[in-house]
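Mind looking over this structure? Questions follow.
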Amino acid sequence: MIKKVYAKIVSIEKIAKETMKMVLENEHISQFAKPGQFVHIKVADHTLRRPISIAETNVETNTFTILFKTVGSGTRRLASYEAGEYLDLLGPNGTGFPLDRVEENDVILLIGGGIGVPPVYFLAKELTRLNVNVHAILGFQSKDYVFYEEEFKQWNDVTIVTDDGSYGKKGFVTDYVHDINGIDRYFACGPLPMLKAVKEELEGVEGYLSFEERMGCGIGACYACVIPTNTKDKYKKICQDGPVLHANEVKL
Amino acid sequence: MIKKVYAKIVSIEKIAKETMKMVLENEHISQFAKPGQFVHIKVADHTLRRPISIAETNVETNTFTILFKTVGSGTRRLASYEAGEYLDLLGPNGTGFPLDRVEENDVILLIGGGIGVPPVYFLAKELTRLNVNVHAILGFQSKDYVFYEEEFKQWNDVTIVTDDGSYGKKGFVTDYVHDINGIDRYFACGPLPMLKAVKEELEGVEGYLSFEERMGCGIGACYACVIPTNTKDKYKKICQDGPVLHANEVKL
Amino acid sequence: MIDLSVSLPGLELKNPVMPASGCFGFGREYSQFYDLSVLGAVIMKAATGTERLGNPTPRVAETASGMLNAIGLQNPGVDRIIAEEIPFLRQFHIPIIANVAGSTVEEYEEVAKKLSKVEDLAAIELNISCPNVKEGGIQFGIDPDMAAEVTKRVKAVTSVPVYVKLSPNVTDIVQMAKAIEAAGADGLTMINTLTGMKIDLKTKKPLIANKTGGLSGPAIKPVAIRMIYEVRKHTSLPIIGMGGIQTAEDVLEFLLAGANAVAVGTANFQNPYVCPEIIQHLPIVLERYGFHSVKEATGGAHR
Amino acid sequence: MIDLSVSLPGLELKNPVMPASGCFGFGREYSQFYDLSVLGAVIMKAATGTERLGNPTPRVAETASGMLNAIGLQNPGVDRIIAEEIPFLRQFHIPIIANVAGSTVEEYEEVAKKLSKVEDLAAIELNISCPNVKEGGIQFGIDPDMAAEVTKRVKAVTSVPVYVKLSPNVTDIVQMAKAIEAAGADGLTMINTLTGMKIDLKTKKPLIANKTGGLSGPAIKPVAIRMIYEVRKHTSLPIIGMGGIQTAEDVLEFLLAGANAVAVGTANFQNPYVCPEIIQHLPIVLERYGFHSVKEATGGAHR
Ligand SMILES: Cc1cc2nc3c(=O)[nH]c(=O)nc-3n(C[C@H](O)[C@H](O)[C@H](O)COP(=O)(O)OP(=O)(O)OC[C@H]3O[C@@H](n4cnc5c(N)ncnc54)[C@H](O)[C@@H]3O)c2cc1C
Ligand SMILES: Cc1cc2nc3c(=O)[nH]c(=O)nc-3n(C[C@H](O)[C@H](O)[C@H](O)COP(=O)(O)OP(=O)(O)OC[C@H]3O[C@@H](n4cnc5c(N)ncnc54)[C@H](O)[C@@H]3O)c2cc1C
Ligand SMILES: Cc1cc2nc3c(=O)[nH]c(=O)nc-3n(C[C@H](O)[C@H](O)[C@H](O)COP(=O)(O)O)c2cc1C
Ligand SMILES: Cc1cc2nc3c(=O)[nH]c(=O)nc-3n(C[C@H](O)[C@H](O)[C@H](O)COP(=O)(O)O)c2cc1C
Ligand code: FES
Ligand code: FES
């Protein structure tokens, strides 16, 4: 259930180039958030809230983590908040990665591109509860942007790819998906061109993609964030039906 | 000379109902400000700057004081700043109370109404440098709004008047101006109806009034703050030619 | 006791605050946050003759104290709105206003006709800011003759009161209002969005896929207040005012300008509780400024 | 090296940034803060045939991300502007643009005629947002025929290039621009302010003594960008763009929409250094977005 809450900023730090990590305290979000869901954050001096994925929750400390890239004025303003301040946010919003069809011993591929890595991390952590085989491929622009390699390594086999080869392997995540054999299911989050390429490359494999779109309400009321689908309704709302959608139902 | 400066807030406190006192540190303002001049303050989230009179300067500590009433969203936001923060301000703006014609042993009447008291206080303090006879009449709505009585008493004879008689004498400042004999010159700052009444009551005495008007630029460029006069130009700009104007030149 | 109630054609409002069309869907999402029965009324998302899928995305962009949107009237079509959405809203026992849109006068007629058969529909809001495909895309809302024509034709086929929603993108808002009054409208709602654009410096293209979008939010409030004030001077139709309302003080400003009731749009996105919060705060604000009722405040700036 | 220079009729600009009319007086006050010779040009406060004392006060009010003003063209009259103000501005060796206003076509002609005799006046900006007393107060700026008429008549009596300043308070900005282009204007400046109002909750009256005022500042930027984009598509006249500019990024957005140069109004009140700061920052911003010159960025959103 989505609630409007005030979450206290526990810590905020820069963890890679243009990339901030913020830990927030709020019981509702930390108890109920599922991987793939997001919070819709009110940022001072801005009309519209900003959607940011939940990267981790901790039910013991009632905290949750978000990671964000400072790309424009809203995320830059968000980066200027300090520990101890409160953020007004809605959450948890949207529908996350579906885990109900995951079966024991499945080979699962996680793909994260840039700031698409955080929700995939949350998913990776959740998947450790199930007895499955998880492989992660994470793509970044270049060395300076890489984050969370160690965090992933706790749980999974992980391959880091950079566009320019300045760290890990060189190229795009799609160049390495075939290194993993017998993939039963994949989950991906990242920029649209990456999602398109992943869908094509893994044609035939059951997959779920997490999408981004500019949002108004963030809760399904304004029709700002639709994506065309081949389902009965012909579209889905990314903020409500998504951000995670079945790769085969979306028209890319 | 007007400069754009960043002044550090040294302290901020509430000194009476809806009335804040803020001490700021800035060399330029504290060295050059004259009684009657104002600073034009940029307040977060507001398009237009807010004009606030300078209530006191201290050339040793490079500080100056402003007092303001929280009447609307700008002054309420101003009241929410904290010591240590910096304010972007223009100053000192405008033309203050003229002291060049004040002569030794003159009987001088100072009249302040409500938040018009601060510039009059600055003037009272300045006048102590001259060998003159100063009387102050300060009007407030009611007891809770009274401030700076003690501060004035250091320098002058002072009469406090409240509209409802809840403190000091009851009535309007104009009810008591004739208690002072042989006034050579008066200086007044307060709401427009008070200024009008003072001018009428003291017809024939040389007087100077400090005016308020909604401002745009605050420096004389936009013609927002004009007041009709019977001078050659037919008008004066309150932000530049004023806020202090000769009582006889303005058309009220 | 401050009296918040307002009686307008078709609308017995217990308070003057309702969500604006397109900013509240059909109420389902906001009903997660609060009981919609506290609202004065509700205005639904636009209904067209058949399902519309709207414009390509991005459909929204942020601006200083405002936002642009070009949703493009996406909606499931009037039949499904009647079958699926109105029954949901009915449970809250508040007046339901349907926002009617179309590309031809015939489409307006058809949608209005269907809606007016819905037993407890309180009123229709005619959204005339849509481009008329027959007339080469010119909006009904910017031409007084076309606006009058669509008003007249819709009035002829419906039994529920018709409020016409004025576009602010016109030289003479009073002329529009008078034409619509003469055509028999029961009321006006105003203002719709101002046409605007934002260019993405990175792509060098208009950020909104539709290029232009409608500007809403506090940025446009001064334009809304001015237009309501002018229209109030020259027509006697009731006015539901909107454009940038965020607080109960804003509501009072609209009432003083001449609005009889108000709608809240963009502010719902910032604070899903904005409507109930305004409703709770409104009596306090009315009292502070010396009013005993909403009715007393309406038109206050004209006295 | 990023080339900031722009050549427009009568205006050889070393950079495209100039203060907007009415927001900079005649430069004296801002010259306390910086050397005005850094500016691309300067547009003076409106000049009328004789001295005008303007509207009663209050003349300004704050709004969300904007402000309202109703100064009412206060100015010392064209003769004193020529005698006292232009000589002051001349020392900075930047193009001087005179903003010309009037209540009758004859007054526009008279003012323009006098100004065009000033040796080094670079251009005239026709402020057609003034009510025409002869035509019953209708603004020249909202009627294409009247706008064309005043443009034609002023062009006939002056030898300096004439830029006509468009009012955004019209249904069809392109129609206005085309009428003015056909009438022989050398360029357009746009946009002037949107008409707005604010009501004082305490007094229950419009806060501005004139009741309505002109809305300026970031709030109106999306409307300015949209109108410039549309006008650029349909005319080939050079455009000096304005409306809510605060930063060099804003300037780039105006250039992409189709402006050849820009003017900065309201932002001067917030930051007296805004023009020189924008000028300093503009090359960095142009470079960041891949441009080598202002000219290259102009119209970028249309390619
Ligand atoms: C479901 C979802 C989850 C997201 N999770 C994350 C995350 O975990 N970390 C992260 O860094 N970013 C995430 N994003 C993207 C993030 O919302 C944008 O980067 C951010 O809103 C940009 O705001 P800005 O003001 O800095 O940029 P500007 O470009 O100045 O933003 C202006 C406007 O555009 C919108 N906007 C811009 N880019 C996007 C975008 N890609 N998606 C949606 N709205 C956008 C903003 O909300 C705002 O309305 C997510 C987006 C969605 C839709
Ligand atoms: C020369 C001068 C000196 C002043 N000195 C002081 C002082 O020392 N202490 C103090 O408390 N107040 C002083 N004022 C008044 C003060 O500027 C206003 O109370 C303040 O701007 C109100 O802002 P607000 O946002 O709280 O109120 P709002 O009413 O919300 O203000 C909205 C707008 O109105 C303007 N405004 C409102 N009232 C006034 C006013 N009376 N004068 C000018 N602009 C106004 C604001 O600047 C703003 O643009 C002075 C005014 C002037 C002109
Ligand atoms: C996302 C969005 C969608 C809208 N959709 C509609 C609509 O379908 N029909 C309509 O008449 N108005 C629509 N509007 C306009 C609003 O109802 C309202 O008139 C306008 O936004 C001004 O009010 P505001 O500033 O409170 O948002 C929409 C506005 C927004 C922001
Ligand atoms: C206080 C003020 C006075 C103005 N006076 C004039 C004027 O005399 N002539 C004119 O053509 N425009 C005048 N304008 C309009 C501006 O030149 C400009 O077109 C408008 O403010 C939009 O730009 P901005 O948002 O940068 O302020 C005035 C604007 C303001 C705010
Ligand atoms: S953002 Fe409003 S429907 Fe998705
Ligand atoms: S405020 Fe601009 S001239 Fe006084």
Side-chain angles (χ1 to χ4, degrees), chain B residues 1-6 28 32 40-51 71-75 77 88-94 191-192 211-242 250-252, chain D residues 19-34 45-46 51-76 80 198 200-202 207-209 213 215-219 244 246 265-274:
Chain B
M1 204 193 114
I2 304 176
K3 279 197 181 172
K4 178 172 179 294
V5 302
Y6 289 91
H28 176 71
F32 293 105
H40 207 33
I41 306 177
K42 187 164 169 177
V43 181
D45 314 324
H46 289 79
T47 316
L48 296 175
R49 289 172 179 266
R50 299 295 193 265
V71 295
S73 106
T75 46
R77 181 69 184 82
D88 169 347
L89 45 86
L90 308 181
N93 288 26
L192 194 59
F211 292 91
E212 286 191 4
E213 189 48 78
R214 287 181 183 252
M215 291 183 177
C217 66
I219 60 170
C222 76
Y223 294 85
C225 67
V226 301
I227 184 167
T229 58
N230 41 34
T231 56
K232 194 178 111 266
D233 271 338
K234 305 195 189 86
Y235 72 95
K236 296 266 182 190
K237 295 177 195 161
I238 287 176
C239 68
Q240 191 178 39
D241 310 316
V250 291
K251 292 189 186 168
L252 292 184
Chain D
S21 181
C23 302
F24 207 73
F26 300 96
R28 286 183 199 274
E29 294 78 17
Y30 287 93
S31 73
Q32 298 171 75
F33 291 95
Y34 61 92
K45 171 91 194 131
E51 177 188 51
R52 295 246 193 142
L53 291 176
N55 293 321
T57 56
R59 294 178 172 184
V60 292
E62 187 176 77
T63 70
S65 297
M67 66 176 282
L68 293 169
N69 91 79
I71 305 296
L73 295 181
Q74 177 157 21
N75 80 94
R80 274 180 59 196
K198 182 173 181 173
D200 186 332
L201 302 186
K202 283 182 205 135
L207 203 154
I208 296 228
L215 182 63
S216 62
Q246 287 189 309
T266 306
N268 290 288
F269 306 157
Q270 303 178 304
N271 174 10
Y273 291 102
V274 68

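The chains referred to below are lettered A, B, ... by the order of the sequence lines, with proteins before strands, and numbering in each begins at 1. The model shown is predicted, which means the values in this text are computed figures rather than measured ones. Computed over heavy atoms, backbone and side chain alike; hydrogens, waters and symmetry mates excluded.
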B:Leu90 versus chain D, heavy atoms under 4.5 Å apart: side chain, backbone, both or neither?
side chain
Measure across D:Phe269 and B:Cys217 and return the closest heavy-atom pair with its distance rounded to 0.1 Å.
CD2-CB, 3.5 Å
Report which part of D:Ala70 has an atom under 4.5 Å of a heavy atom belonging to chain B: side chain, backbone, both, or neither.
neither
Could you look at B:Tyr223 and say if it's the side chain, the backbone, both or neither that has a heavy atom under 4.5 Å from chain D?
both
Let me know if D:Thr63 has heavy atoms under 4.5 Å from chain B in its side chain, its backbone, both or neither.
backbone
What distance separates B:Phe211 CZ from D:Thr57 OG1, expressed to the nearest 0.5 Å?
11.0 Å
Looking only at heavy atoms, the pair that brings D:Gln74 and B:Val226 closest together is OE1-CG1, 3.4 Å
Side chain, backbone, both or neither: which part of B:Asp45 has a non-hydrogen atom closer than 4.5 Å to chain D?
neither
Do you know which of B:Lys234, B:Lys42, B:Glu213 has the most heavy-atom pairs with chain D at a distance under 4.5 angstrom?
B:Glu213
Under 3.5 Å: donor-acceptor pair, side chain of B:Thr47, backbone of D:Gly66:
yes
Please name the residue in the list B:Arg214, B:Arg77, B:Arg50 that meets the salt bridge (charged side-chain N to carboxylate O under 4.0 Å, His left out) test with D:Glu62.
B:Arg50
Heavy atoms of other groups near B:Phe32 CZ, more than 12 under 6.0 Å
no
Which portion of D:Phe33 sits near chain B, non-hydrogen atoms under 4.5 angstrom:
side chain
Can you tell me which portion of B:His40 sits under 4.5 Å from chain D's heavy atoms? Options are side chain, backbone, both or neither.
neither
Check whether any side-chain heavy atom of B:Lys4 sits under 4.5 Å from a side-chain heavy atom of D:Pro272, and report yes or no.
yes
